[in-house]
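Letters A, B, ... mirror the listed sequences (proteins, then strands); counts begin at 1.
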There are 2 protein chains.
Amino acid sequence: MIPVDTFDLKILSALQDDGRLTNQELADLAGLSASQCSRRRMRLEEEKVIAGYHADLSSEALGFGVIAFIQVGLATHSPDNSKRFRTLVNRIDEIQEAYSLTGDADYVLKAVLRDLKGLSNLVNDVLMPHQSVAHVRSSIVLDRLKESSKLPLKDLKAG
Amino acid sequence: MIPVDTFDLKILSALQDDGRLTNQELADLAGLSASQCSRRRMRLEEEKVIAGYHADLSSEALGFGVIAFIQVGLATHSPDNSKRFRTLVNRIDEIQEAYSLTGDADYVLKAVLRDLKGLSNLVNDVLMPHQSVAHVRSSIVLDRLKESSKLPLKDLKAG
DNA sequence: TGAGACGCGCAAGGAGCGTGCAAACGACAC
DNA sequence: GTGTCGTTTGCACGCTCCTTGCGCGTCTCA
């Protein structure tokens with residue numbers, strides 16, 4: 001865990017909201033000079049506290065109409081089989097997130113697709129037939145209440 | 001759905017990977033001049049195809065050790081009760097994503113927490129006692145295979 | 001008390017940004 | 001074929017923004 005003070009937290013929080021903030025804008029928000037913000041930002045990038053910057057694209061504007069959560073059970077739990085499944089998941093760009101979980105299913109995937117045909121294709125033609133997979137259950141997202149990847153920095157005390 | 005050509009797709013794809021790319025770098029990647037990339041980027045921002053830019057922070061480096069998926073069933077399905085629940089969800093920064101789904105549960109939440117105590121607090125002291133909530137089941141993430149919010153732009157034909 | 005380390009703001013040189021402008025291109029009508 | 005209009009492009013220029021060097025103030029510890 002990397003030491004981070006109140007200034008860093010302000011900078012991180014601001015960049016989480018707007019990743020293209022100017023050093024001067026950052027300076028105004030954090031109560032520092034622009035040069036100092038530049039230096040701190042560079043340090044946070046080098047330490048990989050800031051992992052990267054990404055544009056957030058509108059799925060609606062680009063015609064991705066379906067989001068689905070897919071629960072997957074593996075055929076066997078051998079290391080080889082897990083590895084096969086992970087390779088498969090990595091290859092599929094429609095899968096944005098993939099986790100192994102405690103509880104019923106072995107894995108949960110979150111996928112973004114143009115339409116239900118795309119989901120059907122993913123589930124029935126790609127996942128189901130794969131040798132590593134035993135069963136699949138998908139749930140379609142009806143409504144998005146919230147969708148971000150912001151960390152709750154306010155939970156942090158400056159260290 | 002907004003018209004987007006091959007140049008736009010290259011720009012969007014590049015900015016999805018690195019949101020702080022320079023117009024000149026964008027120009028090299030897309031095969032255009034820097035000024036033209038600037039103009040196109042501004043257009044895409046105005047049209048809200050680009051919804052924003054965000055720094056991606058390392059949860060490990062910042063000491064967030066627990067990710068959990070929480071399935072929630074509402075007490076009743078009245079509009080009032082849904083609204084109460086949505087307000088609750090919006091207030092809680094630890095909840096990054098929240099969706100209503102087809103299938104068993106009414107809602108799925110994804111939460112990021114410092115430790116299991118934080119999860120226990122969220123589930124037992126915040127969600128469970130809330131009047132809108134009937135039952136809660138949480139699954140802890142054991143492993144992250146993939147975690148991004150990149151759209152599969154290669155699925156798109158330039159229009 | 002003094003020396004070293006650290007973090008700060010300022011200033012300057014260089015890089016990047018966006019607007020104006022004229023040329024190139026494509027579509028369409030005649 | 002040819003003329004016209006609208007769109008898109010690259011280039012140039014003025015302006016903003018970025019980063020690095022420098023000197024100053026503060027804190028720590030011997």
Side-chain angles (χ1 to χ4, degrees), chain A residues 1-58 61-63 150-151 153-159, chain B residues 1-58 61-63 150-151 153-159:
Chain A
M1 185 136 83
I2 286 161
V4 154
D5 67 10
T6 314
F7 288 126
D8 288 337
L9 284 181
K10 283 185 186 172
I11 290 172
L12 291 173
S13 174
L15 286 174
Q16 220 178 189
D17 284 331
D18 183 351
R20 285 193 85 107
L21 244 29
T22 279
N23 287 328
Q24 186 54 56
E25 293 168 316
L26 235 32
D28 294 342
L29 290 169
L32 274 177
S33 68
S35 55
Q36 205 51 20
C37 286
S38 170
R39 277 188 274 253
R40 279 172 179 268
R41 199 158 60 73
M42 283 174 68
R43 201 198 67 227
L44 292 166
E45 287 167 10
E46 263 168 32
E47 291 170 343
K48 309 279 184 207
V49 177
I50 298 175
Y53 300 90
H54 305 283
D56 173 18
L57 308 185
S58 159
L62 290 166
K150 282 196 241 173
L151 297 178
L153 294 184
K154 72 159 198 339
D155 291 6
L156 257 43
K157 302 266 171 291
Chain B
M1 186 135 82
I2 286 161
V4 155
D5 67 11
T6 314
F7 288 126
D8 288 337
L9 285 180
K10 284 185 186 172
I11 290 172
L12 292 172
S13 175
L15 286 175
Q16 219 177 193
D17 284 331
D18 182 353
R20 285 193 83 105
L21 246 28
T22 278
N23 286 329
Q24 186 54 58
E25 293 168 316
L26 235 33
D28 294 341
L29 290 169
L32 274 177
S33 69
S35 56
Q36 204 52 20
C37 286
S38 169
R39 276 188 274 252
R40 279 170 180 268
R41 200 158 59 74
M42 283 174 66
R43 200 198 67 226
L44 292 166
E45 288 167 10
E46 263 169 31
E47 291 170 343
K48 309 278 184 208
V49 177
I50 298 175
Y53 299 90
H54 305 283
D56 174 18
L57 308 185
S58 158
L62 290 166
K150 283 195 242 172
L151 297 178
L153 294 183
K154 70 160 202 338
D155 291 7
L156 258 43
K157 302 265 172 291

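Every residue was checked against the side-chain contact (heavy atoms from CB on, under 4.5 Å) condition with A:Lys48, not counting sequence neighbours, and none meets it. Scanning for side-chain contact (heavy atoms from CB on, under 4.5 Å) contacts around B:Leu26 gives B:Ile11, B:Ala14, B:Leu15, B:Leu21, B:Asn23, B:Cys37, B:Arg41, with sequence neighbours left out. Residues meeting the side chain to side chain donor-acceptor pair (under 3.5 Å) test with A:Asp56, sequence neighbours left out: none.
Of the candidate nucleotides D:dT8, C:dG7, D:dT19, C:dG7 has the atom nearest to the side chain of A:Gln36.
Annotation: proximity of residues 22-32 of chain B to DNA chain D (heavy atom, distance under 4.0 Å) is found for B:Leu32, numbered in ascending order. Residues from residues 39-56 of chain A lying near DNA chain C, meaning a heavy-atom separation below 4.0 Å, are A:Arg39, A:Arg40 in numerical order.
Remark: A:Ser38 is in phosphate contact with D:dT19, judged by side-chain N or O atoms under 4.0 Å from OP1 or OP2.
The distance from atom CG of A:Leu15 to atom P of D:dC18 is 11 Å, rounded to the nearest whole Å.
Taking both residues in full, the closest heavy atoms of B:Ala34 and B:Ala27 are given as N-CB, 3.6 Å, listed atom of the first, atom of the second, then distance. Smallest separation of non-hydrogen atoms from B:Asp18 and B:Arg20: OD1-N, 3.0 Å.
Defining each end axis of the helix from C:dT1-D:dA30 to C:dC30-D:dG1 as the rotation carrying four pairs' C1' atoms onto the next four, with five pairs an end, the two axes are found to diverge by 30° to 10 degrees.
With hydrogens and angles ignored, no donor-acceptor pair closer than 3.5 Å exists between the side chain of A:Ser35 and the base of C:dC8.
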